[in-house]
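The structure displayed is predicted, hence computed values, not measured ones. Labels below follow one simple rule: chain letters A, B, ... track the order of the sequence lines, proteins then strands, and each chain is numbered from 1.
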Amino acid sequence: MTMQLYNTLNSRKEPFTPQSPDRVTMYVCGPTVYSYAHIGNYRPPVVFDTLARVLRRRFGRVDYARNITDIDDKINAAAAKEGVDISVITDRYTAAYHADLQSLGVEPTTHEPRVTKHLPQIISMIETLISAGHAYAAEGHVLFNVPSYPDYGKLSKRDTREMLAGARVEVAPYKKDPGDFVLWKPSSPELPGWDSPWGRGRPGWHIECSAMSEAVLGETIDIHGGGHDLVFPHHENEIAQSTCAHGGKTYARYWMHNGFVNVNHEKMSKSIGNVLLVKDLLQTLPGEVIRLVLLTGHYRQPLDWTDEVASDARKKLDRVYGALRDLGDVKSAEGVTAPDAFIAALEDDLNTPMALAELFDLVRAANKADNDADKARIKAQLLDAGHLLGLLQQTPAAWFATASPSSASGITPEEIEVLVAARLTARANKNWAESDRIRDELKAKGVLVEDSKDGQRWRML
RNA sequence: GGCUGCGUGGCAGAACGGUCAUGCAGGGGACUGCAAAUCCCCGUACGUCGGUUCGACUCCGGCCGUAGCCUCCA
């Protein structure tokens, strides 16, 4: 079975084959670092990190770029407000972004291009577009001339003429065509700016991705991803710029877009006040729980974040880690990887819900296994499946000891062990009343004690 | 108004033209001093109206509802 990916360009699943049989190139639009990122901002990194793991397994090498947008008017506004250089803002929020990614188990990308490091490439691409007749300078701006690219609107299935009717933004007088968009804009003296053939200014929003993608991955990439809202205008404009700058060569062969994250059935918005920052969620939830929530639904569907889905994810991980724990010290079998059905689910347009169903089949098999050979094989399968999803990255002991930072009642593992030892003595004397009293005491402190055939064990509730 | 989706059991969430999704919750049983964990068994679905078909949750059409985008936005 060949790998299948849904391509926004053609609105259907298509067999995926990279340009080079042993190398995949992928570019995903990254964050603008002007504030802390919310849960929705992390769906693309988690989804495409998972995809990268699957692609790497199948094709060997994945050259994956996710940019940091560190030039932007929102950054300028934040810097002006604090009276600092934009680098203070962008450094701070880039570091915060990286910290969140690590908590979510997102592996570093091959490339992480920044706009401030690619001004020459951006300017060069704009010059190419001007000399090819696709762009023009006007009043300090440089604009891309949309009518010069007949395929404009193909990705988002839009008719440029119809769009004008619904246009809700005033058309700048220097535009030749109302649909023309900015490649370069002038900066007033108090704003950050860079020298260019058109005066001191800064790049428009869309050109950065075109220029950086070319710089780090080449003119034609295999996969370009991002949030669904970027289809228009951002990705439509990227296609226009890159295709025209490259003499008509295909810019990206497969376009993938993830659905939005809602919160309690509502769109996240500052006015509603329901914006969930990942750095805040991490105060009460392990990163793996957040990651699992993001993988619980198919990436193209909207995802509703509620307390219930978070607690469901936690329980799911309890179950999987529980199976791993019961596998005990059995050494996982060499050379055994995740089951074919699990891989097949992920290779079918990254069907993570179906892959998770396969994972739970494995969990049941693990819990039923009664010999070391089966246990060794299943353990290897579980760990490999977990690795592909970016989950199960800690030991069961660590998971059960820390799975709930929220309910940490201040009790230390040492104190727990003292009580557990006292309970062991009581149990040796069949003093059930004392045994149950200690169990209740621990439970009141957020610790659940269980009696297994191997003795007592505990976990944080 | 234009474009693109979606509507599955108490909740979350997939697949598939005729056979189990899966997880949580719920009911019954096994195990346990009692629990917990685990295992076994069991309910509750496919927005609505038509069409195609031997047979549709799955294909087609109408309707209703709902979400996103239409140059800030993951």
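Contact check of residues 432-440 of chain A against RNA chain B (heavy atom, cut-off under 4.0 Å) returns A:W432, A:S435, A:D436, A:R439.
Every residue two or more places apart in sequence or in another chain that forms a side-chain contact (heavy atoms from CB on, under 4.5 Å) with A:N41 is listed here: A:A37, A:H38. The side-chain contact (heavy atoms from CB on, under 4.5 Å) search around A:D348 returns A:Q4, A:K13, not counting sequence neighbours. For A:E434, the salt bridge (charged side-chain N to carboxylate O under 4.0 Å, His left out) partners at least two apart in sequence or on another chain are A:R437. Under the rule for a salt bridge (charged side-chain N to carboxylate O under 4.0 Å, His left out), the partners of A:R457 that lie at least two apart in sequence or sit in another chain are A:D326, A:E450. Under the side-chain contact (heavy atoms from CB on, under 4.5 Å) criterion, A:A376 pairs with A:V330, A:A333, sequence neighbours left out. For A:S103, the side chain to side chain donor-acceptor pair (under 3.5 Å) test picks out no residue, with sequence neighbours left out. With sequence neighbours excluded, the residues forming a side-chain contact (heavy atoms from CB on, under 4.5 Å) with A:N262 are A:K267, A:P302, A:D304, listed by chain and number.
When the P atom is compared between B:rC42 and B:rG23, the two are found 14 Å apart, to the nearest whole Å. A gap of 28 Å separates the P atoms of B:rU44 and B:rC31, to the nearest Å. Using atom P as the reference point in both B:rG68 and B:rC54, the two lie 42 Å apart (nearest Å). Remark: the separation of the C1' atoms in B:rG17 and B:rA56 is 6 Å, to the nearest Å. The gap from the C1' atom of B:rC46 to that of B:rA35 amounts to 39 Å, rounded to the nearest Å.
The side chain of A:A357 lies closest to B:rU22, out of B:rC73, B:rC72, B:rU22. With B:rA37, B:rU22, B:rC72 as the candidates, the nucleotide lying closest to the side chain of A:R459 is B:rA37. Listed nucleotides B:rA36, B:rC39, B:rU71 differ in distance to A:F181; the shortest reach to its side chain belongs to B:rU71.
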All N/O donor-acceptor pairs, side-chain side in residues 361-368 of chain A, below 3.5 Å, sequence neighbours left out:
| from | atom 1 | to | atom 2 | distance (Å) |
| --- | --- | --- | --- | --- |
| A:N367 | ND2 | A:V363 | O | 3.4 |

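Formation of a donor-acceptor pair under 3.5 Å by the A:Q301 side chain with backbone atoms of A:G259 is not found in this model. Remark: the backbone N or O of A:D177 is paired with a side-chain donor or acceptor of A:D180 at under 3.5 angstrom. Judged by distance alone, the side chain of A:Q456 and the main-chain N or O of A:V449 form no donor-acceptor pair under 3.5 Å.
Counting distance only, with no hydrogens placed and no angle test, the side-chain atoms of A:D73 and the base atoms of B:rC72 include no donor-acceptor pair under 3.5 Å. Residue side chain A:R319 does not reach the base of B:rG23 through any donor-acceptor N/O pair under 3.5 Å, judged by distance alone.
At a threshold of 4.0 angstrom between heavy atoms, the contacts of A:N367 are confined to the sugar-phosphate backbone, with no base atom among them.
Residue A:W205 places at least one side-chain N or O under 4.0 Å from the OP1 or OP2 atom of B:rC73.
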What string of B, S and - do you get for nucleotides 4-19 of chain B, 5' to 3', if B is base contact, S is sugar-phosphate-only contact and - is no contact with any protein heavy atom under 4.0 Å?
--S----SSSSS----
With the sugar-phosphate defined as primed atoms, P, OP1 and OP2, and the base as all remaining atoms, what B/S/- string results for nucleotides 40-47 of chain B, 5' to 3', for protein heavy atoms under 4.0 Å?
S-------
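Aromatic stacking of A:F360 on B:rG23: not satisfied for centres closer than 5.5 Å together with planes under 30 degrees.
A:D340 CG: 12 or fewer foreign heavy atoms inside a 6.0 Å radius.
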Given Watson-Crick and G-U pairs under 3.5 Å, RNA chain B in dot-bracket ([ ] crossing, | other strand) is (((((((..(((.....[...))).(((((.......)))))....(((((..]....))))))))))))....
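Judged by a 6.0 Å distance limit and a 45° cone about the ring axis, A:R300 is positioned over the six-membered ring of A:Y6.
With a glycosidic angle no further than 90° from 0, B:rG43 counts as syn.
When each of A:F260 and A:E450 is assigned the nucleotide of RNA chain B bearing its nearest heavy atom, the one mapping closer to the 5' terminus is A:E450.
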Evaluate salt bridge (charged side-chain N to carboxylate O under 4.0 Å, His left out) for A:D49 paired with A:R66, printing each intermediate quantity in order.
CA-CA 10 Å; A:D49 174 67; A:R66 185 187 55 232; over 6 Å; no
